[in-house]
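See structure below.
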Amino acid sequence: KPLPPSINKNAIINPVSHETGFMALRRAMSDTANLRNYFRCSDDRRELTYFAQEVRSGNIQYLQTNNITYHLLQIDGWIITLDLFDRESPNSGWLISSLRPAVDRDKDHYLKKVLNL
């Protein structure tokens, strides 16, 4: 069944939450009255709706963020992923971890099958 409407339409995860290791996820996943704001649930992505319902019922809890990966699909002809490489070297920080050519069909597949969006 779908999530109920949110009580507070302004409850969001701050766009710069990556700066704090997404600590706001703990608050978001415990904010059951506003879960609809944090999940993109639809009939064609039932898995995410089920996951959100499990969060709402308390069967799933957020503990910590271990790893963050950014997936960039905005650049024509490419799928790029970035990961944080924290090491004692000039070659550290947010670096490209994967770079592959892709047409629009590949990007659609990536969104649906890899990112589950």
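All of these numbers come straight from a predicted model, not from anything done at the bench.
- Taken together through direct or relayed side-chain contacts under 4.5 Å among Ile, Leu, Val, Met, Phe, Trp and Tyr, I12 and L25 form parts of separate hydrophobic clusters.
- For R105, the CZ atom counts as loosely surrounded, since its 6.0 Å shell holds 12 or fewer non-hydrogen atoms of other residues, nucleotides or ligands.
- Shortest non-hydrogen contact noted between K107 and G77 is NZ-N, 3.9 Å.
- A side-chain N or O of N34 and one of D31 form a donor-acceptor pair less than 3.5 Å apart.
- The shortest distance between side-chain heavy atoms of Y38 and L3 does not fall below 4.5 Å.
- In terms of modelled atom types and a separation under 3.5 Å, the side chain of N37 and the main chain of A11 share a donor-acceptor contact.
- Counting only heavy atoms from C-beta outward, the side chains of I68 and L84 never approach each other to under 4.5 Å.
- Atom CD in Q53 sits 11.0 Å away from atom OG1 in T32 (nearest 0.5 Å).
- Between the side chain of T81 and the main chain of S98, a donor-acceptor pair closer than 3.5 Å is present.
- Between the side chains of S89 and N91, no donor-acceptor pair is found at a separation under 3.5 Å.
- Atom CG of N8 is surrounded by more than 12 heavy atoms from other residues, nucleotides or ligands within 6.0 Å.
- In this structure a side-chain-to-backbone donor-acceptor pair under 3.5 Å is present from S30 to R26.
- Of all non-hydrogen atoms in L35 and A52, the two that sit nearest each other are CD1-O, 3.8 Å.
- Across W78 and L99, no two heavy atoms sit closer than the pair CE3-CD1, 3.5 Å.
- Contact record, L82 with W94: O-CZ3, 4.1 Å, taken as the closest heavy-atom pair.
- At most 12 heavy atoms of other shown residues, nucleotides or ligands fall within 6.0 angstrom of atom CG in D76.
- Across I13, V55, L63, a single residue satisfies side chain to side chain contact (heavy atoms under 4.5 Å, CB included) together with M29, and that is V55.
- Distance check, rounded to the nearest 0.5 Å: CZ of F85 to CD1 of I96 gives 10.5 Å.
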